[in-house]
Amino acid sequence: MLSLLGSIYGKVIDVRDRLYDLGIFESFDLGAKTISIGNISAGGTGKTPLTLYVAEILADRGERVCILTRGYGRKDPQQRVLVCDGETVLADSHEAGDEPFELAQRLIGKAIVIADADRVAAAEWAKRKFGITAFVLDDGFQHRKVKRDVDIVCIDATDPFGGGNMLPAGRLREPVANLKRADIVIITRADLISEISNLRSEISDLALDAAIFEARTEILGVDSLESFHAKAQRTQSEEHVPAEDLQTIKNIAAFVFCGIGNPENFFKQLKLNNFSIKASHPFRDHHVYTQKNIDDITMQARANNAKLLLTTAKDAVKLMGVKFEIPCYVVEIMITVDDAPAFAAML
């Protein structure tokens, strides 16, 4: 049954794409440089760190950058939310969604962040209000209503094509043949796989005209949960750098939890970076935490003789208001792209 539903879903997507290709469905020019970052499979493929990376490149060139995002999981998905005006974070994670809120915190002084299901209308409003010169579409590959100058697709090296089947049988959001629309393909988490030459060759066959880059995830630092939350109150003049000594935290027995698209990759990344991980607990992507969740995690941590908790920035934005009996730290990461000058030149 799931295979049948997946086949039907794939055919619907193909018809929709054909209508866009023929111009029957209209795509709208946002009137400024527009870069889309997306994927072809559901789940975590590294879109958010890459969105951050691209926004910083554009901002450092002097562009007035605006990130347009749907804001998955936010309280009112139909409401437009100005998450950050470029100087101050103006919404919390419930209003904005966890990923837009995280981007807003990391990009203070560099980008405006707007959560809106209607990204065309949001772009028109942002241009009038802020004089935007560059838009970054977060999760935009399937959002063909917006014309883009550069289409970037993230492919997770650890699970490239979501099992090879369309939703709901697999995790593909559209057929892999549609990679032909991509201008750039980024193979994310390349550092977690020993050999990716076969994957590069497969992508080259699917996306004949696309440039292919490899991306790796690096740990930027660790921060106490309290210090991480304080960043939401800072302005662009107040730079924040994770204050904890990374090596000290690595040596302390830790329990890890997270609710992201691919939690096992996060756990693996910590172990490869020599964190002393005693046990871990994954939650569903975009999980909203309760005090009971944290109390249960604390019990598991103590049962495994862990002295501290580790989580991601995406999870940390949803942990305001809950109490911890064991110190909780946030692992902040960054993405690095091979041949960074060539990648930047394509933006």
A side-chain contact here means heavy atoms from C-beta on lying under 4.5 Å apart; do Ile40 and Asn178 qualify? no
Stepwise side chain to side chain contact (heavy atoms under 4.5 Å, CB included) test for Cys154 and Leu50: CA-CA 9 Å; Cys154 298; Leu50 186 62; 3.5 Å; yes
In one Ile/Leu/Val/Met/Phe/Trp/Tyr side-chain cluster, 4.5 Å: Leu192, Ile212: no
Answer yes or no: is there a donor N or O on one side and an acceptor on the other, between the side chain of Glu95 and the main chain of Asp92, under 3.5 Å? yes
Please step through side-chain hydrogen bond (donor to acceptor under 3.5 Å, both in side chains) for the pair Asn265 and Gln269, ending with a clear verdict. CA-CA 6 Å; Asn265 279 343; Gln269 191 80 50; over 6 Å; no
Do Ile297 and Phe283 have side chains that get closer than 4.5 Å, going by heavy atoms? yes
Using a distance-only test with no angle check, is there a side-chain donor-acceptor pair under 3.5 angstrom linking Gln291 and Asp295? yes
With a 4.0 Å cut-off, would you call Arg200 and Glu214 a salt bridge? yes
Any side-chain heavy atom of Phe343 sitting closer than 4.5 Å to one from Ile57? yes
side-chain hydrogen bond (donor to acceptor under 3.5 Å, both in side chains) test vs Asp116 passes for just one of Arg80, Arg70, Gln78, Gln79, namely Arg80
Give a yes or no on whether Phe267 and Ile252 share a hydrophobic cluster (residues Ile, Leu, Val, Met, Phe, Trp, Tyr; joining criterion: side-chain heavy atoms under 4.5 Å apart). yes
Salt bridge or not for Lys33 and Asp149, using N-O below 4.0 Å? no
Linking I/L/V/M/F/W/Y whenever any side-chain heavy atoms sit under 4.5 Å apart, do Ile152 and Val136 land together? yes
Should the heavy atoms of other residues, nucleotides or ligands under 6.0 Å from CG of Asp205 be counted, would the total exceed 12? yes
Using a 4.5 Å cut-off between side-chain heavy atoms of Ile, Leu, Val, Met, Phe, Trp and Tyr, which other residues end up in the same hydrophobic cluster as Met299? none
Could you tell me if the side chain of Pro49 sits less than 4.5 Å from the side chain of Thr217, heavy atoms only? no
Minimum-distance pair of heavy atoms, taken over all atoms of Ile335 and Gly46: CD1-O, 4.5 Å
Is any side-chain heavy atom of Lys318 less than 4.5 Å from a side-chain heavy atom of Phe101? no
Worked verdict on Leu103 versus Val83 for side chain to side chain contact (heavy atoms under 4.5 Å, CB included): CA-CA 9 Å; Leu103 286 167; Val83 187; over 6 Å; no
Main-chain N/O of Asn39 paired with Gln142 side-chain donor or acceptor, under 3.5 Å: yes
Can you measure from CG (Leu347) to CD1 (Ile184) and round to the nearest 0.5 angstrom? 5.5 Å
Value rounded to 0.5 Å, distance of CG in Asn293 from OG1 in Thr298: 10.5 Å
So which pairs with a foot in residues 18-31 pass salt bridge (charged side-chain N to carboxylate O under 4.0 Å, His left out), sequence neighbours left out? Asp21-Arg144
Nearest-0.5 Å distance that lies between atom CD1 in Ile203 and atom CG in Asn198: 11.0 Å
So do the side chains of Ile277 and Leu310 get within less than 4.5 Å of each other, counting heavy atoms only? yes
Quick one: do Arg173 and Asp139 make a salt bridge, cutoff under 4.0 Å? yes
So, do Val317 and Phe228 sit near enough that their side-chain heavy atoms are less than 4.5 Å apart? yes
For residues 335-347, the side-chain hydrogen bond (donor to acceptor under 3.5 Å, both in side chains) pairs (sequence neighbours left out) are none
Report yes or no: does Arg74 contribute a side-chain atom to a donor-acceptor pair with the main-chain N or O of Pro77 at less than 3.5 Å? yes
What about Phe257 and Tyr289, are their ring centers closer than 6.0 Å? yes
From the list Arg181, Arg16, Lys11, salt bridge (charged side-chain N to carboxylate O under 4.0 Å, His left out) partner of Glu174 resolves to Arg181
Could you state whether Leu272 and Leu270 fall into the same hydrophobic cluster, counting links through intermediate Ile, Leu, Val, Met, Phe, Trp or Tyr residues with side-chain heavy atoms under 4.5 angstrom apart? no
Is there a path of hydrophobic side-chain contacts, each under 4.5 Å between heavy atoms of I, L, V, M, F, W or Y residues, that connects Ile132 with Trp125? yes
Single hit among Ile67, Asp138, Ile37 for side-chain contact (heavy atoms from CB on, under 4.5 Å) with Val54: Ile37
Can you tell me if Thr69 uses its side chain to pair, donor with acceptor, with the backbone of Pro100 under 3.5 Å? no
Tell me, yes or no, whether the heavy-atom count around Arg171 atom CZ, taken from other residues, nucleotides or ligands under 6.0 Å, exceeds 12. yes
Rounded to the nearest 0.5 Å, what separates atom CD1 in Ile112 from atom NZ in Lys129? 9.5 Å
Heavy atoms, side chains only, cut-off 4.5 Å: are Lys147 and Thr34 in contact? no
Co-members of the apolar cluster containing Leu208 [side chain, <4.5 Å]: none
Apply side chain to side chain contact (heavy atoms under 4.5 Å, CB included) to the pair Thr188 and Lys47, showing each step before the final yes or no. CA-CA 9 Å; Thr188 59; Lys47 294 190 309 295; over 6 Å; no
Can you pull out every salt bridge (charged side-chain N to carboxylate O under 4.0 Å, His left out) where at least one residue sits in residues 187-196? Sequence neighbours excluded, please. Asp156-Arg189
Checking Leu308 against Phe324 for the side chain to side chain contact (heavy atoms under 4.5 Å, CB included) test, could you report, in this order, the C-alpha distance in whole Å, the side-chain angles of both residues, the deciding distance, and whether it holds? CA-CA 10 Å; Leu308 58 81; Phe324 288 83; over 6 Å; no
If you round to the nearest 0.5 Å, how far is CZ of Phe275 from OH of Tyr329? 12.0 Å
Out of curiosity, Glu218 CD to Met334 CE, how far, rounded to the nearest 0.5 Å? 6.0 Å
Do we get Arg64 above Phe130's six-membered ring, with its NZ or CZ under 6.0 Å from the centre and within 45° of the axis? no
Using modelled atom types and a 3.5 Å cut-off, is there a donor and acceptor pairing between side-chain atoms of Thr88 and backbone atoms of Leu90? no
By side chain to side chain donor-acceptor pair (under 3.5 Å), Lys314 pairs with (sequence neighbours left out) Glu99, Asp285
Please give me the minimum heavy-atom distance between Ile294 and Lys323, naming the atom from each residue. CG2-O, 3.5 Å
Ignoring hydrogens, what is the shortest heavy-atom contact between Leu30 and Ala123? Give both atom names and the distance. CD2-CB, 3.6 Å
Under 3.5 Å: donor-acceptor pair, side chain of Arg148, backbone of Val150: no
After noting the C-alpha distance and the side-chain angles of Asp296 and His281, does the key distance pass the side-chain hydrogen bond (donor to acceptor under 3.5 Å, both in side chains) rule? CA-CA 10 Å; Asp296 290 344; His281 186 106; over 6 Å; no
When you look at Asn262 and Asp159, which way does the side-chain hydrogen bond (donor to acceptor under 3.5 Å, both in side chains) test go after all the steps? CA-CA 10 Å; Asn262 197 328; Asp159 184 16; 5.5 Å; no
